[in-house]
Amino acid sequence: MYYLQDLNPVQREAVESGEGPLLILAGAGSGKTRVLTYRIAHLVAKGINPWNILAITFTNKAAREMRDRIQVLVGSEGEGLWVATFHSSCVRILRREISKLPGYSRSFVIYDAQDQLTLIKECLKVLNLDEKKFAARAVLGVISEAKNKLLDVSSFAAQAKDYFLEKAADVYRLYQRKLLDYNALDFDDLIMLTVRVFRECPEVLEYYQKRFRYILVDEYQDTNHAQYIFINLLAKRYRNLCVVGDDDQSVYGWRGADVQNILDFERDYPEAKVLKLEQNYRSTQTILNAANEVVGNNFNRKAKALWTENKEGDKIILYKASNEHEESRFVMEKIRNLCDAEGRSYSDFAILYRTNAQSRVLEEHLMKEGIPYRIYSGLKFYERMEIKDILAYLRLVHNSADRVSFARVINVPKRGIGKGSLDKILEYTEEQGMPVLEALTEAAYIPGLQARGVSALTSFYEIIARLKSRAQKGISVTELTEQILKETGYMVALRQENTVEADSRIENLNEFLSVTAEYDHNLQDYLGNFELEEGQNMTILGGFLEQVSLVADIDNYDEAEDAVKLMTMHSAKGLEFPVVFAVGLEDGMFPSSRSLLEQYLLEEERRLCYVTITRAKEKLFLSHAEQRMVYGHLESRLPSRFLQEIPKELLAEESSYREILGRGFGLSPTRDNSFGNTRSWRDKGSPVVNSDPGRFQVGDKVEHPKFGPGIVMAVKGEGKGAEISVVFRNEAKKLIAEYAKLVKIYSE
């Protein structure tokens, strides 16, 4: 047991703790993976049969790493140990036991996401449900959520509250029947059906309870309801359940994770031993102090405070930029300076942001500076599907003979033009030697095309022709892009999906409108009063497409090269970097606008802030912009309320930030439940109708007779004609001050 010497006193206690339930609250950077693997090795060293140990992780990579570490510690004595993800564990159980459920066979296949969508569409067709009203992805998302809550068809149908959910229940019923007919399971079935086997077949549950007498679960704060039930059924007989996690790092509520699973562990197991791993081996004390102060503002958490024997470290740099470009230039300057002054490698740096769309400006500045980078939280901005789609539309408007762009968008969104029809069109175009768009005017004469296809092609041609005519008359690239999104039905199709993925794509498209707005603005400055002739107007669109092509083609660095890392704050969880830049720290961006109206959402955003801060080992830079281009409009922004929660003595301010700190952010203190309280703000203060409807400011709390309580996120213009952007509980609205019918809410 030489390895015990590597542990601090609390870690060692966690490893050596005997029988019974154990909750290990492992703060960021506190060595939880080491504790988990050493505990497994210690059980084996004490003579526990590896056959009786089950260790659950969330990713195959984590499971593989854990197995490798255990093998180093105990060698061949660890053979027979199960170290796996939730889903792979359930597959192994179902391969043996699923035939005990009526109609299921051990030879089942597992459908991936695309297979699931295909089957959902098949069900929609059988049920005669219009996919425009019942988007396949949206229906699949609802069914997936139901399964993660262990709701079968009958239970789900019984609680369906509206027409959409009632029809989704019909799809769910048919979908499950077809899965059974095809001897297939989807990803969510793996856990749901394992739980069903356990509940319906007591002898099966007893077998696995006796086999897995010692159960260890990593990242317990990220478990959903189905995973929670699965684990607790297995552990019920012997109660030797060790869970490791950190409620302060629970940031996946939108994926179904329930932070209450870890918070209520002592309710489930009153005899549980609780240990806190608070010694951090990653960061400086300054960084940890900031993280402790921020997350300490949450109410729904277990008290803990990170500390370290590392040096106190540099103060956190707080930077106020005038806009997102100045913010990006600041980041580039600091990277260059630290590389030159301290000999750092590019791999030392990580730039973290709340949403994928924020990477666009950063990417452009990194490319201009010749700094190699790699995006880990998704594709590069101009390589994302929705951006490539909209660029293909713009290229087709600009060039009627662009067959590649035509082939990309002819059936995006769906128009009933399959691969066979596309091949016939392209073949006809080749034979006639004509531009592909021009060929659509002769669609009725193309051999093999059905009447429905001819109608769809004619409609598509008319849309592109209208757009081309407007572009020739000189409308801006931004107007042209907005019209493409509207007239092709692209944006409507994404909204109907009603999924997290679709929301992310909409954010990226809105960010693209910021790209076009910048181009239009700079072009106007260049042209001045010079008027282009009508025939030259397409040059405006051509110039934009050329600019974007250059941006997209510059980034050809070798992936093996030293590179700055770009990723979302969610993607950074579990990672660490010597130097971290957290950008876009503004209310409405981070915390997100939706979270400002619900306390539990705001607390999850604050936990995400804690995760972000604790990614930094040595240096941390926090930045925000006074103005930011949002959805193609320049908006004033307030600094994130999370910045106010960091003690001033931990900060080193750059630019004019001290002035803002001196007068405050103009927001109520965080511990005032006026933000996120489920009651109306009228319960907290007296509503006063402002006699001057143009006097609304960013940060004002307001109430609308129809939409309810909201927060002013941006004000464009002045006086009665000002455009006010307000985030209400369920949606964002843009209102004209004079007609907005908004009431300011002043807290007493």
Side-chain angles (χ1 to χ4, degrees), residues 109 111-140 171 174-175 178-179 182 184 186 384-397 399-467 484-497 499 501-502 505:
V109 297
Y111 275 3
D112 63 18
Q114 193 56 52
D115 295 328
Q116 290 175 257
L117 275 176
T118 299
L119 188 54
I120 289 290
K121 291 176 181 179
E122 184 179 320
C123 293
L124 291 172
K125 186 175 181 180
V126 170
L127 295 171
N128 198 28
L129 293 174
D130 185 355
E131 196 175 335
K132 293 181 179 179
K133 297 179 180 178
F134 298 90
R137 288 186 185 276
V139 174
L140 180 58
V171 178
L174 181 58
Y175 174 73
K178 286 182 175 291
L179 282 173
Y182 301 163
D186 66 19
R384 291 171 183 143
M385 180 183 73
E386 60 277 7
I387 303 303
K388 291 178 75 69
D389 286 344
I390 209 64
L391 283 171
Y393 270 113
L394 287 168
R395 290 191 177 105
L396 193 57
V397 169
N399 177 11
S400 300
D402 188 343
R403 290 172 49 144
V404 172
S405 295
F406 174 84
R408 182 177 183 90
V409 299
I410 184 57
N411 203 38
V412 179
K414 300 293 186 184
R415 298 185 179 89
I417 308 297
K419 186 178 183 301
S421 297
L422 175 60
D423 290 341
K424 292 180 176 66
I425 297 165
L426 296 179
E427 182 180 349
Y428 184 82
T429 300
E430 190 76 24
E431 291 175 352
Q432 301 299 319
M434 61 197 307
V436 66
L437 270 183
E438 186 178 328
L440 298 190
T441 63
E442 301 177 8
Y445 306 105
I446 298 178
L449 289 183
Q450 301 297 319
R452 181 181 175 186
V454 171
S455 176
L457 291 170
T458 301
S459 176
F460 178 81
Y461 171 81
E462 290 172 352
I463 291 172
I464 301 300
R466 286 198 303 270
L467 293 167
I484 289 173
L485 291 171
K486 179 181 179 180
E487 296 191 26
T488 62
Y490 196 100
M491 193 66 88
V492 169
L494 284 178
R495 291 196 181 104
Q496 288 176 341
E497 283 188 20
T499 63
E501 181 183 18
R505 289 176 177 169

Less than 4.5 Å apart, side chain to side chain, heavy atoms only: is that true for [X] and [Y]?
X    : Y    : value
R408 : M385 : yes
D186 : Y175 : yes
Y461 : L457 : no
I425 : F406 : yes

Just by distance, do the side chain of N411 and the backbone of G418 share a donor-acceptor pair under 3.5 Å?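 No; judged by distance alone, with no hydrogens or angles, the pair does not exist.
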
Donor-acceptor contact below 3.5 Å, side chain S459 vs main chain S455: no

What's the separation between atom [atom1] in [X] and atom [atom2] in [Y], rounded to the nearest 0.5 Å?
X    : Y    : atom1 : atom2 : result
L124 : K132 : CG    : NZ    : 14.0 Å
L394 : N399 : CG    : CG    : 12.5 Å
I410 : S405 : CD1   : OG    : 12.0 Å
E122 : L127 : CD    : CG    : 10.5 Å
L437 : L396 : CG    : CG    : 4.5 Å
F134 : L129 : CZ    : CG    : 5.5 Å

Please list, one pair per line, the donor and acceptor atoms closer than 3.5 Å that link side chains of residues 484-495 to other protein atoms, with sequence neighbours excluded.
from: E487; atom 1: OE1; to: R466; atom 2: NE; distance (Å): 3.4
from: E487; atom 1: OE1; to: R466; atom 2: NH2; distance (Å): 3.3
from: E487; atom 1: OE2; to: R470; atom 2: NH1; distance (Å): 2.3
from: E487; atom 1: OE2; to: R470; atom 2: NH2; distance (Å): 3.2
from: T488; atom 1: OG1; to: I484; atom 2: O; distance (Å): 2.5
from: T488; atom 1: OG1; to: Y490; atom 2: N; distance (Å): 3.4
from: Y490; atom 1: OH; to: D389; atom 2: OD2; distance (Å): 2.6

Exercise: identify the closest heavy-atom pair between [X] and [Y]:
X    : Y    : answer
Y393 : V409 : OH-O, 3.4 Å
C123 : V171 : CB-CG1, 4.0 Å
L422 : A407 : CD2-CB, 4.1 Å
E131 : Q496 : O-OE1, 4.4 Å
I417 : A456 : CD1-CB, 3.9 Å

Taking only residues at least two apart or on different chains, which pairs with a member in residues 415-424 satisfy salt bridge (Lys or Arg N to Asp or Glu O under 4.0 Å)?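 Listed by first then second residue: K419-D423.
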
Run the side-chain donor-acceptor check on residues 439-446: report pairs under 3.5 Å with partners two or more places apart or on a different chain.
from: T441; atom 1: OG1; to: E438; atom 2: O; distance (Å): 2.5
from: E442; atom 1: OE1; to: Y428; atom 2: OH; distance (Å): 2.5

